[in-house]
Amino acid sequence: MAIDHGLWLHWGMNPGPSACKAHLLTATLWNHVQLGILKVLFHIDCISETMPQTSVLFSSILRPSCSGQVQPSMGERGGGASSSRDLIFQDGCLISGSLEALIEHLVPTVDYYPDKTYIFTFLLSSRVFIPPHDLLARVGQICLEQRQQLEAGSEKIVQLLKEWTEAFPYDFQDEKAMAELKAITYRLTQCEEENGTVKKAITQMMQSLLLSLAARSQLQELREKLRSPALDKGPVLKAKPPATQKDILGMCCDPLVLAQQLTHIELVSATVCLPRERVCSIHSEDLMQIISHVDSRDNHRCRGDLTKTYSLEAYDNWFNCLSMLVATEVCRVVKKKHRTRMLEFFIDVARECFNIGNFNSMMAIISGMNLSPVARLKKTWSKVKTAKFDVLEHHMDPSSNFCNYRTALQGATQRSQMANSNREKIVIPVFNLFIKDIYFLHKIHTNHLPNGHINFKKFWEISRLIHEFMTWTQVECPFEKDKKIQSYLLTAPIYSEEALFIASFESEGPENHMEKDSWKTLRTTLLNRA
């Protein structure tokens, strides 16, 4: 459920500095994808003028590792002279090449096996230029053209296919890709010696692949159920609930425990169908939909698969719902003393999220408290000890491309890399900013160089970002799960945007002519609607 900040102005209200900051913090970066082109809704002033500066920022924090070079122990890639000329290395790193040369560099030989980071990066980025089933067909063709590979290097080819099916199993949902896979594995078994090692490895690989595809199929069924508007938005209240209804403090009064449960929701893929639960696992190839677009150089048709964007939209939807839940919990409270306590509680929860490394939930909570219906409650805020809140807002200050947040994220990343426990490994970045980074990295750098080569240095950086994110999502949550608290977070009714303003005005009446006019307009609108 995207937060429509235009509503604040629709009622003739001046949102003020806090609400303007909330607009920036909560604007939905990922809204939807049409024809594979990302529609960025993130509100950043003068973004076109600052693109070169963003590029400098990327170069400082996204230095591509020198992966993809030929490892001495693996031998050199066999092939013709034209193939070697079509690959350009710099300081041992592969930085560009023709598509055909990059494909040949992927295929193992008797005395060569590609670096694992190259396999991941090329398989991830190649879908921008060639569909997976066509790539697989070309790999099979190269193996046939160099028949010695089938006879003497079959185990290495099976290992490549195994890495492919494990890293990107959903490429093989496509019947064409599965057919190509079966064709290659059949030829490999025909060339095998009597010991049956290759055949056994192929059987195990296919069994694992089919299990992954079956799980994906079940997940897609859940996604289809969630596509109905009612479930997408979750329960929405249009008026205050009964006073007897529990609030978040009635479920959990310990900020640390609530922060841990939020971290559970961020990390753990859901197994049940709940309105705001993350009933999806984000996969590497899903994130590549951000940059799947029409390649003007060779006029490729868009290869963006809209079905793969749903997991990204669902995760973004969780952020927005959490922000609205925070605003609902504050605005629904009748007594000022209790509202003050509620605000201080959420400030402490956001602080605990920061300490854990859960920046996404932290940002959502701050955004909820900065929404206009909450930010205008001046009498309530006057009783709140805001020192801790000011520190949190400092960390999420959007100036200099969220420099303070990026510094904190870098610190959490270093802690994660040196961690001895899952508790220290937790890093949950602000998802909207992560998507923004990938998108602008894609926009700043071209896919092709002037000589026609694929700009592989760009895809090293994108792959590094995505691989790092995927590593973070695979950390096992070390906190004990509390089903009651999680159920409340995921199913508790939230106010509509109009209801938030009604509750806010009922708690603290309009203070100036603009607010009075807005309140009058809002009531008239609701009466006419009734």
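Everything quoted here is computed from the prediction, not taken from an experiment.
Using a distance-only test at 3.5 Å, with no hydrogens or angles considered, a donor-acceptor pair links the side chain of Lys458 to the main chain of His445. One N or O on the side chain of Thr407 and one on the backbone of Cys403 form a donor-acceptor pair closer than 3.5 Å. Here the side chain of Ser416 pairs no donor or acceptor atom with the backbone of Ala412 at under 3.5 angstrom. Side-chain atoms of Glu344 come within 3.5 Å of backbone atoms of Lys385 as a donor-acceptor pair (strictly under, hydrogens ignored). Not one N or O on the side chain of Tyr495 forms a donor-acceptor pair closer than 3.5 Å with the backbone of Ala503. No donor-acceptor pair closer than 3.5 Å links the side chain of Arg332 to the backbone N or O of Ile494. Proximity of a side-chain donor or acceptor of Asn422 to a complementary backbone N or O of Pro478 within less than 3.5 Å is not detected.
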Derivation of the side-chain contact (heavy atoms from CB on, under 4.5 Å) call for Leu258 and Leu489: CA-CA 9 Å; Leu258 189 63; Leu489 289 169; 3.8 Å; yes

Step-by-step side-chain contact (heavy atoms from CB on, under 4.5 Å) determination, Lys116 to Phe120: CA-CA 6 Å; Lys116 288 183 180 294; Phe120 178 83; over 6 Å; no

Verdict with reasoning, Asn455 to Thr446, per side chain to side chain donor-acceptor pair (under 3.5 Å): CA-CA 7 Å; Asn455 182 7; Thr446 61; 4.5 Å; no

Derivation and outcome, side-chain contact (heavy atoms from CB on, under 4.5 Å), residues Phe459 and Ser463: CA-CA 6 Å; Phe459 291 102; Ser463 171; 5.8 Å; no

Step-by-step side-chain contact (heavy atoms from CB on, under 4.5 Å) determination, Glu352 to Thr263: CA-CA 10 Å; Glu352 294 295 348; Thr263 303; over 6 Å; no

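Looking at heavy atoms from C-beta onward, Ser361 lies out of side-chain contact with Val349 at the 4.5 angstrom threshold. Side chains of Phe389 and Trp381 form a contact here, defined as non-hydrogen atoms less than 4.5 Å apart. Counting only heavy atoms from C-beta outward, the side chains of Ile347 and Val384 approach each other to under 4.5 Å. Looking at Val374 and Cys331, their side chains come closer than 4.5 Å, going by heavy atoms from C-beta outward. Between His338 and Leu249 the shortest side-chain heavy-atom distance does not fall below 4.5 Å. No side-chain heavy atom of His264 sits under 4.5 Å from any side-chain heavy atom of Glu480. A heavy-atom distance below 4.5 Å is found between the side chains of Ile502 and Trp519. In this structure the side chain of Phe501 reaches within 4.5 angstrom of the side chain of Pro373, judged on heavy atoms.
What you find for Glu424 and Ala419 is that their closest heavy atoms are CB-CB, 3.4 Å. Closest heavy-atom contact between Thr117 and Trp460: O-CZ3, 3.6 Å. Between Leu287 and Phe469, the shortest heavy-atom contact is CD1-CD2, 4.0 Å. Nearest approach of Asn447 to Val128, heavy atoms of both residues: ND2-CG1, 3.8 Å. For the pair Met342 and Val330, the tightest heavy-atom approach, listed with the atom from each and the gap, is CG-CG2, 3.9 Å. Smallest separation of non-hydrogen atoms from Met396 and Phe402: O-CE2, 3.6 Å.
Taking the centre of each ring, Tyr118 and Phe456 come in below the 6.0 Å mark.
Below 30°, between 30° and 60°, or above 60°: for Phe359 and Phe354 the angle between ring planes is above 60°, a perpendicular geometry.
Donor-acceptor pairing under 3.5 Å is lacking for the side chains of Ser323 and Ser367.
Between Arg406 and Asp437 there is a salt bridge, since at least one side-chain N of the basic residue sits less than 4.0 Å from a carboxylate O of the acidic one. Salt bridge present: Glu515 and Arg376 bring a charged side-chain N and a carboxylate O closer than 4.0 Å.
Among Asn404, Thr386, Ile366, the one residue that satisfies the side-chain contact (heavy atoms from CB on, under 4.5 Å) test with Glu393 is Ile366. Only one option out of Lys378, Arg339, Lys379 pairs with Glu508 in a salt bridge (charged side-chain N to carboxylate O under 4.0 Å, His left out); it is Arg339.
Going from atom CZ of Arg341 over to atom CG of Asp247 covers 8.5 Å, rounded to the nearest 0.5 Å. To the nearest 0.5 Å, the span separating CG on Leu124 from CD1 on Ile119 amounts to 13.5 Å. In this structure, Cys252 SG and Leu262 CG are separated by 9.0 Å, a value rounded to the nearest 0.5 Å. The CG atom of Asp254 sits 7.5 Å away from the CD atom of Gln260 when rounded to the nearest 0.5 Å. For the atom pair CD1 of Ile438 and CD1 of Ile462, the computed distance is 7.5 Å after rounding to the nearest 0.5 Å. We find the NZ-CD distance between Lys481 and Gln261 to be 8.5 Å, quoted to the nearest 0.5 Å.
Note that Arg127 lies in the cation-pi zone of Phe168, set by a 6.0 Å cut-off to the ring centre and a 45° limit from the axis.
Taking a 6.0 Å sphere around CG of Asn512, one finds it holds more than 12 heavy atoms contributed by other residues, nucleotides or ligands.
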